[in-house]
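What follows is a single structure, and I will ask about it in a moment.
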Protein chains: 2
Amino acid sequence: MVIFVSDKQQDSRTRLLDSALRVVRAKGYSATRIDDLCSDAGVTKGSFFHHFRSKDDLMLSAVGHWDTMTGNLFAQAPYHHLDDPLERLLAYLEFRKDLLVGDLPNFTCFAGMITQEAYETRPEIVAACERSISGHAATLEADIREAMSLYGIQAEWSAEGLALHTQAVLQGAFILAKAKGGAAIAAESIDHLVRYLKLLFSTHNQT
Amino acid sequence: MVIFVSDKQQDSRTRLLDSALRVVRAKGYSATRIDDLCSDAGVTKGSFFHHFRSKDDLMLSAVGHWDTMTGNLFAQAPYHHLDDPLERLLAYLEFRKDLLVGDLPNFTCFAGMITQEAYETRPEIVAACERSISGHAATLEADIREAMSLYGIQAEWSAEGLALHTQAVLQGAFILAKAKGGAAIAAESIDHLVRYLKLLFSTHNQT
DNA sequence: TCTTCAATACCAATCAGTCGGTATGGTGTA
DNA sequence: TACACCATACCGACTGATTGGTATTGAAGA
């Protein structure tokens with residue numbers, strides 16, 4: 001929230017999109033009411049339907065909003081400066097761990113949550129979530145590929161697959177965190193992922 | 001579904017619980033209507049409210065139902081016969097891969113889905129899901145502990161933490177599968193997890 | 001005056017839950 | 001055997017609240 005939400009007093013449209021990220025991550029897609037979004041955004045229903053045709057229309061835009069917000073966040077993150085591509089990847093995961101602060105809905109993934117709920121009923125929205133998740137994974141893929149050639153890894157797994165695996169671990173970590181009611185278990189899962197990557201790229205273990 | 005659903009012509013109560021597992025995994029918790037469950041179970045609303053006080057009451061029972069169904073499934077699974085505890089663990093994951101068949105809602109985790117959606121609003125139900133997930137993880141913990149001592153692993157990670165990590169990977173794999181619209185990516189994530197465990201327990205890599 | 005944005009009252013559909021009543025089968029008793 | 005009595009299971013029309021969406025009006029800037 002504190003991270004992903006734009007400045008106060010944005011225009012109504014942006015405030016509604018910000019509210020969608022907040023409220024949906026707390027209550028889920030179906031349970032989120034249009035009135036919830038309006039009151040969270042401090043906006044009336046008339047304004048809502050001026051800017052969006054329907055709830056689903058807003059949600060589709062909200063996925064795009066999520067994508068640009070997170071895109072900016074990771075683009076500005078510190079881990080890109082490192083020289084070694086493996087170090088960049090590991091620093092990315094440290095950065096993900098640093099984001100595990102505040103209440104749980106603060107750091108869980110909007111796209112992942114919606115994918116779960118909307119899978120059967122809103123294919124368009126799920127497709128947008130897929131593009132967001134895969135697009136983010138793609139930003140790791142380059143580093144992974146570079147690390148593979150730098151460390152001379154000839155593997156039966158692909159850079160793309162490993163990048164997606166990191167996202168799977170993160171998504172799963174969020175669920176476990178919700179189940180356990182705390183971020184600690186999520187951090188532990190990320191630690192396991194870091195350990196895996198280190199083992200994978202240690203020169204003794206080329207598979 | 002084909003796996004987790006009891007025989008036809010059970011009593012109405014059991015049919016409603018089976019329907020809950022099916023319908024919720026397809027449509028999500030909030031989007032599941034009582035009428036959906038009734039028509040899926042071939043039962044009337046009157047019958048529903050004869051057996052359950054409310055929707056939430058049924059859902060709480062459904063988590064217990066899920067727990068016993070999956071408990072039986074894994075108790076009867078073939079991987080327990082192996083002598084080596086690490087082999088048992090790896091065979092468990094192969095078994096999980098074998099379960100990735102049919103439509104996506106067939107093999108996703110009821111408890112994990114509900115945890116996502118109900119986290120803020122139904123603490124009791126989430127607590128039941130947590131017990132189910134952690135209880136399942138606990139069945140792996142013994143094997144992990146045994147493998148640690150057999151392979152002489154002195155680690156900074158715990159058997160419990162690693163067991164929970166396997167569940168996190170599975171949960172995340174399900175989300176990615178829904179995003180990508182197929183089970184393949186989930187299998188790939190499980191492969192990465194298997195590779196991690198092998199590296200972790202290979203005697204060259206004691207951390 | 002025309003367009004953009006927003007406020008409020010309102011509508012129709014949906015949905016969780018209620019309620020009065022029925023069907024069936026078991027048990028005790030004469 | 002026959003009858004009264006009761007409990008469990010079930011039925012489905014109905015209700016009141018919720019909710020997505022609409023219609024109407026107003027206000028401010030260009």
Side-chain angles (χ1 to χ4, degrees), chain A residues 6-63 65 113-114 117-118 120-126, chain B residues 6-63 65 113-114 117-118 120-126:
Chain A
S6 329
D7 272 347
K8 267 286 163 73
Q9 284 313 92
Q10 289 281 111
D11 53 306
S12 299
R13 192 187 134 90
T14 308
R15 285 218 305 281
L16 281 166
L17 292 173
D18 283 339
S19 292
L21 305 191
R22 232 190 328 263
V23 180
V24 168
R25 288 197 285 169
K27 306 181 43 165
Y29 189 100
S30 300
T32 294
R33 304 296 162 215
I34 291 180
D35 286 337
D36 294 338
L37 298 177
C38 290
S39 70
D40 185 87
V43 150
T44 62
K45 222 169 176 179
S47 179
F48 181 100
F49 280 99
H50 171 74
H51 292 290
F52 303 100
R53 275 195 315 274
S54 66
K55 181 179 164 182
D56 281 0
D57 180 40
L58 167 129
M59 290 299 181
L60 192 57
S61 299
V63 177
H65 187 57
M113 267 200 81
I114 289 195
E117 269 192 82
E120 285 241 315
T121 42
R122 272 91 174 180
E124 248 189 83
I125 296 178
V126 172
Chain B
S6 329
D7 271 348
K8 266 286 161 72
Q9 283 314 91
Q10 290 281 111
D11 54 305
S12 299
R13 195 188 131 89
T14 309
R15 285 219 306 283
L16 281 166
L17 291 174
D18 283 339
S19 292
L21 305 191
R22 234 192 325 264
V23 179
V24 168
R25 287 197 285 170
K27 305 180 46 165
Y29 190 100
S30 301
T32 294
R33 305 295 163 216
I34 291 179
D35 287 334
D36 295 338
L37 298 177
C38 291
S39 70
D40 185 85
V43 148
T44 62
K45 219 167 181 180
S47 181
F48 181 99
F49 281 99
H50 172 72
H51 293 290
F52 303 100
R53 275 196 315 276
S54 66
K55 181 180 164 182
D56 282 359
D57 180 40
L58 168 128
M59 291 297 182
L60 192 57
S61 299
V63 176
H65 188 58
M113 265 198 85
I114 290 195
E117 266 191 84
E120 285 241 315
T121 42
R122 273 92 173 177
E124 249 188 81
I125 296 177
V126 172

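Sequence lines set the chain letters: A, B, ... in the order given, protein chains first and strands last, and positions in each chain run from 1. Source: prediction; values computed, not measured.
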- Query: Does A31(A) or F49(A) map to a spot on DNA chain D nearer the 5' end, using the closest nucleotide for each?
  - Reply: A31(A)
- Message: Expressed as a whole number of angstroms, how long is the span from F52(B):CZ to dT8(D):P?
- Response: 17 Å
- Walking DNA chain D from its 5' end, the first of R53(A) and R33(A) to be reached, judged by nearest nucleotide, is R33(A)
- Let me know the distance between CG of D56(B) and C1' of dC15(C), rounded to the nearest Å. 14 Å
- What's the CG-P distance between L37(A) and dT19(D), to the nearest Å? 12 Å
- For R13(A) and dA6(C), give me the distance from atom CZ to atom C1', rounded to whole Å. 16 Å
- Query: Is there a donor-acceptor contact under 3.5 Å linking the side chains of D11(B) and T14(B)?
  - Reply: yes
- Whole angstrom is fine here: how far is it from CD1 in I34(B) over to C1' in dC15(C)? 8 Å
- Residue pair S61(B) / L58(B), side-chain heavy-atom distance below 4.5 Å: no
- Using atom CG of D57(B) as one end and atom P of dA16(C) as the other, report the distance to the nearest whole Å. 14 Å
- Backbone of S30(A) reached by a side-chain donor or acceptor of R33(A) within 3.5 Å: yes
- Item | Close side-chain approach of M59(B) and V24(B), heavy atoms under 4.5 Å | yes
- Considering only heavy atoms and no angle criterion, is a donor-acceptor pair shorter than 3.5 Å present between the side chain of K45(A) and the base of dG20(D)? yes
- Query: Between S12(A) and dC5(C), does any side-chain N or O lie under 4.0 Å from OP1 or OP2?
  - Reply: no
- Between dC11(D), dG17(C), dG20(D), which one does the side chain of K55(A) approach most closely? dG20(D)
- Message: Mind checking if S30(B) touches a base, just sugar-phosphate, or nothing, with heavy atoms under 4.0 Å?
- Response: nothing
- Message: As an exercise, state the distance from CZ of R122(A) to NZ of K55(A), rounded to the nearest 0.5 Å.
- Response: 6.5 Å
- Item | Rounded distance in Å - NE2 (H51(A)) to P (dG20(D)) | 18 Å
- Specify the separation, in whole Å, of atom CG of D35(A) and atom C1' of dA7(C). 14 Å
- Item | Phosphate-side-chain proximity, H50(B) and dA9(D), N/O vs OP1/OP2 below 4.0 Å | yes
